[in-house]
Undergrad: 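Pasting a structure here, questions to come.
Chain naming here is simple, since letters A, B, ... match the order of the sequence lines and numbering starts at 1 in each.
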Protein chains: 2
Amino acid sequence: MTGIRRLAQHLDISIGTVSRALNGRPDVNEETRRKVLEAAAELGYVPNQSGRSLRQGTTNIIGFMMQTGTEITGQGDTFFMSVFDGVQTVFARHRLDLVALLCSSEEDPDDYLRRVVARGFADGLILSATQRNDPRFEFLAKRKIPFVTLGRSLTDVGQPWLDLDFEGMAQISIDRLVAKGHRRIAVTRPHDDINLGHLFVDQSAKALAAHGLTLDPDLVFSSKPNEAGGYHVAQQLLAMKDRPTAILLVNETIAIGFYRGMSEAGLKPGRDIAIIGRQSPQSHFLSPSLTGFTLSRRDLGIALAEALLATMPAFSHFYPDAELRKVWPEDLVEGESDAFTLPA
Amino acid sequence: MTGIRRLAQHLDISIGTVSRALNGRPDVNEETRRKVLEAAAELGYVPNQSGRSLRQGTTNIIGFMMQTGTEITGQGDTFFMSVFDGVQTVFARHRLDLVALLCSSEEDPDDYLRRVVARGFADGLILSATQRNDPRFEFLAKRKIPFVTLGRSLTDVGQPWLDLDFEGMAQISIDRLVAKGHRRIAVTRPHDDINLGHLFVDQSAKALAAHGLTLDPDLVFSSKPNEAGGYHVAQQLLAMKDRPTAILLVNETIAIGFYRGMSEAGLKPGRDIAIIGRQSPQSHFLSPSLTGFTLSRRDLGIALAEALLATMPAFSHFYPDAELRKVWPEDLVEGESDAFTLPA
DNA sequence: TCGACCACCGTAAACGTTTACGGAACTATG
DNA sequence: CATAGTTCCGTAAACGTTTACGGTGGTCGA
């Protein structure tokens, strides 16, 4: 005799009542419910998840899909860990188990997602690293699996999303640099087709145009989102005959490599080239200090979780006015890296 | 009609045979097996995991428990991501699903593990961040849940483990620095009770003793394993009246903070203080270059996975001679950070 | 020809839950 | 007192698998 049956026998009531009591159904006497809860705690009874899943067609698991491997090591890790932390705290309140689904660098993300879904792994999903045209959106929508994405995409299927304000960052950065007299401004973007790259570059071009300037295509640098990528950008940029006087670094970690590249060439950030980037725990240890944008990653995670739950029927009533689509604001922390000013 | 029943109906054979065919049982005609596989692919049939789990008492999931949150952000992330990548590739071969169980910084790791286990979440576990006395070991052993740990512990319960060679690193580092004339050598260790700290510090002391030297307790610096921790160590160390001439940095990321602390004080690694640390993708962008140990994180992950599978009855025959307990060797990459030599 | 053996397959029970349904006991209402 | 309504509980079916067991038809050796 195991499981709920054992508990029922111990209390000398039926398993149906036990189940109802444990699941908070209304049609059970409060006195019996108390006894059941008590006995459950005493005997250390925990419902078997397989049994529940089989019956209810639900797993109680939410998956947070991220990519792993060397390519994005610099980028993904510390950032996503913090976001994950925020997500975790929300789901814990609902006794939902959150797991990280790390798609290996060797595997295609679409294939990986297909496997996860076929397996019936999760009740809901959080996607990150959204591509400009991301097939995963359609795929999940077609199967009616609730999901939320960290990042917009052109392939919008009506799902909730949150995103960083790449357009705002581009706008503010360009305005700021132009005000300091810069005319030739470089921009970085991730090497793949991730959507944020487009948003950032396009908005940079628009912002420049508003000042009567154009974004020189030669000044758009694609880079892997890690230290090595930033180093490589520095090498390319410094080898140019008509070198830009300022640069926007869209990614958090490439600043470290870019600094290194400059110092090897005997140049100093903020003196020879103006830099605006993004803050991270690591960037605090750059010298000269980095001017860059920052945000609460943990709060972002919380908002992500709430947006997802708001679209899941079983939980939506908890979050009647969750923000389903939001561009997340960032603050600019002023440092020394963009001190370089050109004469008017 | 759904699931396996639908498939059986479509083929006009019994569900029992279908199941046997799909699971590679011997007592099914190869011709029928072919047909079943074909039809399964055609209809896109995928066995329901809840059904399997319920019947077999097994989940097909392996959990890799890590910690998240600000405290270890610097440390854990890129390192564990790479290890995870290695683990993933092994489990994929056996159609086991690997998920990352990220214990939030707010939650006690022991409680978290208890929840995971009570839920019957995984068939096996990989533990990291092992403490000197780690209650999780006993807990899992008592419940007969297969697990492997990345890191030794005093609370050994016979489970397989892999670990980095902290003792070897300490020995080689001390020998090397002493040969360069250093006598006052500082050592870092993580601020918590993680076991590697003990191994590293103890072996450093022994190695010094072999040269007739002693490890000054004031020269053992506890730090959080991130950039900020390294920065803090530098501040403390540089404020000493009788400053050490060399230091060992046990953690990968603190070097960045330590460098920053030195340069703010107008000092240069490798010229004013000799440093031996650990290599990481980030440390490649330090200047002067870091002398430090390195290893293949991915291979470590592969070995971890194999050690775990070797102890699980259903898979052990695949890995008859897996290394169940191994101190993982590291290579020393020579850089400029320990160039500082004292006159004899 | 007969029994033994083998290869293959169908049947049905089990895994641990949840929940629709119906019924018993009680209360309220006229 | 009869009826209707309410509260609570037990029964049993279902979720989708796997697998022990038994049965059928065939082959082979004596």
Undergrad: Counting only side-chain N and O atoms of Gln56(B), is one of them less than 4.0 Å from OP1 or OP2 of dT19(D)?
TA: yes

Undergrad: If you take all heavy atoms of Pro109(A) and Gln67(A), which pair is closest and at what distance?
TA: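 Closest approach of Pro109(A) to Gln67(A), heavy atoms only: CG-NE2, 3.5 Å.
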
Undergrad: Is Ser53(B) touching bases, backbone alone, or none of the nucleic acid, heavy atoms closer than 4.0 Å?
TA: nothing

Undergrad: Mind checking Thr32(B) for me? I need base, sugar-phosphate or nothing, with any heavy atom below 4.0 Å counting as a touch.
TA: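 The answer is sugar-phosphate, as Thr32(B) gets under 4.0 Å only of primed atoms, P, OP1 or OP2.
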
Undergrad: Tell me which nucleotide among dG10(D), dC8(C), dA20(D) gets nearest to the side chain of Asn29(B).
TA: dC8(C)

Undergrad: Could you tell me the separation between the CG atom of Asn48(B) and the P atom of dT17(D), rounded to a whole number of Å?
TA: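 Answer to the nearest Å: 5 Å.
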
Undergrad: Can you name the closest pair of heavy atoms from Ile61(B) and Arg119(A) and give their distance?
TA: CG1-NH2, 3.4 Å

Undergrad: Under 4.0 Å, heavy atoms only, any strand: does Gly3(A) hit a base, just the sugar-phosphate, or nothing?
TA: sugar-phosphate

Undergrad: dC8(D) C1' sits how many Å from Arg34(A) CZ, rounded?
TA: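 So the two atoms are 17 Å apart, to the nearest Å.
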
Undergrad: Under 4.0 angstrom, heavy atoms only, what part of the nucleic acid is Ser19(B) near: base, sugar-phosphate, or nothing?
TA: base

Undergrad: Side chain of Arg52(A) only, heavy atoms from C-beta on: which candidate in dC9(D), dT17(C), dG16(D) is closest?
TA: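 Looking only at heavy atoms from C-beta outward on Arg52(A), the closest nucleotide is dT17(C).
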
Undergrad: Report the residue (Val28(A) or Leu22(B)) whose heavy-atom-nearest nucleotide on DNA chain D is the more 5′ of the two.
TA: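 Looking at DNA chain D, the more 5' nearest nucleotide goes with Val28(A).
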
Undergrad: Quick one: is Ser14(A) getting a side-chain N or O under 4.0 Å of the dG10(D) phosphate, OP1 or OP2?
TA: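 Checking dG10(D) against Ser14(A), a side-chain N or O does come within under 4.0 Å of OP1 or OP2.
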
Undergrad: Is any N or O donor-acceptor pair between the side chain of Arg6(B) and the base of dG16(D) shorter than 3.5 Å?
TA: no

Undergrad: Of the listed nucleotides (dC15(C), dT18(C), dA12(C)), which one gets closest to any side-chain atom of Ile15(B)?
TA: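 For Ile15(B), the side-chain atoms sit closest to dA12(C).
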
Undergrad: Rounding to an integer number of Å, can you tell me how far Gln49(A) CD sits from dG16(C) C1'?
TA: 11 Å

Undergrad: Are Tyr319(A) and His94(A) near enough that their ring centres are under 6.0 Å apart?
TA: yes

Undergrad: From C-beta outward on Asp27(B), which listed nucleotide comes closest to its side chain: dG16(D), dC8(C), dC9(D)?
TA: dC8(C)

Undergrad: Between Thr2(A) and dG16(C), is there a contact of a side-chain N or O with OP1 or OP2 at under 4.0 Å?
TA: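 Yes, within the criterion.
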
Undergrad: Tell me which nucleotide among dG16(D), dT18(C), dC9(C) gets nearest to the side chain of Arg20(B).
TA: dC9(C)

Undergrad: Between dC15(C) atom P and Ile4(A) atom CD1, what is the distance in whole Å?
TA: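 Ile4(A) atom CD1 is separated from dC15(C) atom P by 14 Å.
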
Undergrad: Can you tell me if Arg25(B) touches the phosphate of dT19(D), counting only side-chain N or O atoms and a distance under 4.0 Å to OP1 or OP2?
TA: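 Looking at the OP1 and OP2 atoms of dT19(D), one of them is under 4.0 Å from a side-chain N or O of Arg25(B).
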
Undergrad: Rounded off to whole Å, could you give me the CZ-to-P distance for the Arg55(B) and dT18(D) pair?
TA: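 Result: 9 Å.
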
Undergrad: Does Arg6(A), at its CZ atom, have more than 12 non-hydrogen atoms belonging to other residues, nucleotides or ligands within less than 6.0 Å?
TA: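 12 or below, so no.
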
Undergrad: Taking the six-membered ring of Tyr112(B) as reference, does the NZ or CZ atom of Arg114(B) fall below 6.0 Å from its centre and within a 45° cone about the axis?
TA: no

Undergrad: Nearest whole Å is fine: how far is dG16(D) C1' from Arg5(B) CZ?
TA: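 Taking CZ of Arg5(B) and C1' of dG16(D), I get 7 Å after rounding.
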
Undergrad: Establish, yes or no, whether the cationic atom of Arg93(B) lies under 6.0 Å from the six-membered ring centre of Phe91(B) and within 45° of the ring axis.
TA: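 No cation-pi geometry.
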
Undergrad: Expressed as a whole number of angstroms, how long is the span from Asn23(A):CG to dT17(C):P?
TA: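 That distance rounds to 11 Å.
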
Undergrad: Taking the side chain of Ile13(B) as heavy atoms from C-beta outward, which of dG16(D), dC9(D), dG10(C) is closest to it?
TA: dG10(C)

